[in-house]
Participant: 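Before anything else, here's the structure in question.
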Amino acid sequence: QVQLVESGGGLVQAGGSLRLSCAASGRTFRTYAMAWFRQAPGKEREFVAAIAPSGVGTYAADSMKGRFTISKDNAKNTVYLQMNSLKPEDTAVYYCAGRNYIVTRNKNDYGDWGQGTQVTVSS
């Protein structure tokens with residue numbers, strides 16, 4: 001229903017910060033629940049964080065609570081992932097995803113996906 005394009009990935013040292021952006025095109029963004037997932041080589045795509053359509057109400061994986069923050073700007077059709085205190089194990093391709101109305105933690109519930117952006121955290 002919407003096209004998603006991630007940006008903001010790159011190389012960062014451990015302990016550093018990075019802010020990812022996901023720009024959406026389409027008319028239904030305001031009613032979309034959005035999420036971030038990540039996938040490292042040889043591993044399953046895993047949940048990172050999600051946010052309700054209104055931008056009020058967020059969820060984060062337990063291992064990332066306190067470090068990663070998701071936000072949604074409906075006026076700009078953009079979702080962000082602020083990543084702080086990055087660790088080498090955070091290295092992965094980060095994807096944004098969307099679905100209408102209902103926010104979940106399950107990647108199989110999301111139908112719209114971006115192309116991903118690489119995040120590499122050095123030791």
Side-chain angles (χ1 to χ4, degrees):
Q1 195 69 35
V2 299
Q3 182 177 348
L4 306 173
V5 180
E6 302 96 332
S7 62
L11 176 64
V12 64
Q13 292 183 342
S17 297
L18 209 58
R19 191 190 196 198
L20 307 183
S21 298
C22 176
S25 62
R27 298 180 180 179
T28 60
F29 183 77
R30 188 172 296 273
T31 64
Y32 257 54
M34 301 296 298
W36 289 93
F37 295 84
R38 69 185 186 185
Q39 188 166 21
K43 299 185 68 176
E44 295 291 322
R45 191 169 299 186
E46 68 173 338
F47 173 75
V48 175
I51 191 164
S54 67
V56 179
T58 61
Y59 305 85
D62 289 342
S63 63
M64 295 162 232
K65 289 179 179 177
R67 297 194 301 123
F68 291 6
T69 303
I70 188 172
S71 60
K72 185 172 192 268
D73 188 339
N74 284 326
K76 296 183 181 296
N77 274 24
T78 303
V79 172
Y80 304 94
L81 183 68
Q82 179 66 48
M83 304 186 295
N84 299 323
S85 301
L86 283 163
K87 307 172 182 179
E89 51 263 45
D90 295 320
T91 295
V93 177
Y94 284 71
Y95 299 89
C96 66
R99 64 173 305 204
N100 217 353
Y101 302 125
I102 307 300
V103 60
T104 81
R105 302 169 183 258
N106 188 344
K107 64 181 181 293
N108 296 317
D109 293 333
Y110 291 85
D112 294 333
W113 292 85
Q115 85 288 352
T117 185
Q118 176 71 48
V119 172
T120 302
V121 184
S122 62
S123 300

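Just so it is clear, the values below take in all heavy atoms, side chains as well, and ignore hydrogens, waters and symmetry mates.
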Participant: Strictly by disulfide bond (SG atoms under 2.5 Å apart), give each pair with a member in residues 78-123 just once, sequence neighbours left out.
Facilitator: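 Checked against disulfide bond (SG atoms under 2.5 Å apart) - neighbours excluded - the pairs reaching residues 78-123 are Cys22-Cys96.
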Participant: Can you sort out the partners of Arg45 under side-chain hydrogen bond (donor to acceptor under 3.5 Å, both in side chains), two or more places apart, ordered by chain and number?
Facilitator: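 Arg45 satisfies side-chain hydrogen bond (donor to acceptor under 3.5 Å, both in side chains) with Gln39 only.
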Participant: Of all heavy-atom pairs between Ala92 and Ala40, which one has the smallest distance, and what is that distance?
Facilitator: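 Smallest interatomic distance, heavy atoms only, reads CB-N, 3.9 Å.
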Participant: Got a sec, which residues hit side-chain contact (heavy atoms from CB on, under 4.5 Å) with Thr120, two or more places apart in sequence or on another chain?
Facilitator: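 Testing Thr120 for side-chain contact (heavy atoms from CB on, under 4.5 Å), a comparison that skips the adjacent residues, returns Leu11, Thr91, Gln118.
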Participant: Check the surroundings of atom CD in Gln3: do more than 12 heavy atoms from other residues, nucleotides or ligands lie under 6.0 Å from it?
Facilitator: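 No, the 6.0 Å shell around CD holds no more than 12 heavy atoms from other groups.
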Participant: Tracing side-chain links under 4.5 Å among I, L, V, M, F, W and Y, which residues wind up in one group with Val119?
Facilitator: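 When side chains under 4.5 Å apart are linked, the cluster holding Val119 also contains Val2, Leu4, Val12, Leu18, Leu20, Phe29, Tyr32, Met34, Trp36, Val48, Ile51, Met64, Phe68, Ile70, Val79, Leu81, Met83, Leu86, Tyr94, Val121.
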Participant: Is Glu89 atom CD crowded by more than 12 heavy atoms from other residues, nucleotides or ligands, each under 6.0 Å away?
Facilitator: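 Yes, the 6.0 Å shell around CD holds more than 12 heavy atoms from other groups.
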Participant: Hey, what do you get for CZ (Arg30) to CG (Asn100), rounding to the nearest 0.5 Å?
Facilitator: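 Between Arg30 CZ and Asn100 CG, I get 13.0 Å after rounding to 0.5 Å.
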Participant: Tell me the side chain to side chain donor-acceptor pair (under 3.5 Å) pairs involving residues 10-26, sequence neighbours left out?
Facilitator: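 Sorted result for residues 10-26: Ser17-Asn84.
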Participant: Quick one: list whatever passes side-chain hydrogen bond (donor to acceptor under 3.5 Å, both in side chains) with Thr104, sequence neighbours left out.
Facilitator: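 Thr104 satisfies side-chain hydrogen bond (donor to acceptor under 3.5 Å, both in side chains) with Asp109 only.
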Participant: Which heavy atom of Ser123 sits nearest a heavy atom of Pro88, and at what distance?
Facilitator: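 Minimum heavy-atom separation between Ser123 and Pro88: OG-CG, 3.7 Å.
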Participant: Of all residues at least two apart in sequence or in a different chain, which pass the side-chain hydrogen bond (donor to acceptor under 3.5 Å, both in side chains) check with Ser7?
Facilitator: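 Listed in chain order: nothing, the list is empty.
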Participant: Would you mind listing the cluster partners of Tyr95? Hydrophobic ones only (ILVMFWY), side-chain contacts under 4.5 Å, chaining allowed.
Facilitator: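 Its cluster mates, by chain and number, are Phe37, Phe47, Tyr59, Val93, Val103, Tyr110, Trp113.
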Participant: Sequence neighbours left out, what passes salt bridge (Lys or Arg N to Asp or Glu O under 4.0 Å) with Asp90? Give chain and number order.
Facilitator: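 Here the qualifying residues are Arg38, Arg67.
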Participant: Tracing side-chain links under 4.5 Å among I, L, V, M, F, W and Y, which residues wind up in one group with Val56?
Facilitator: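 Result for Val56 is none, singleton.
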Participant: With sequence neighbours excluded, tell me which residues meet salt bridge (Lys or Arg N to Asp or Glu O under 4.0 Å) with Lys65.
Facilitator: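 If we apply the salt bridge (Lys or Arg N to Asp or Glu O under 4.0 Å) test to Lys65, skipping adjacent residues, the hits are Asp62.
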Participant: Say whether, by atom type as modelled, one donor and one acceptor occur between the side chain of Lys72 and the main chain of Ala52 under 3.5 angstrom.
Facilitator: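 Between the backbone of Ala52 and the side chain of Lys72 there is no qualifying donor-acceptor contact (under 3.5 Å).
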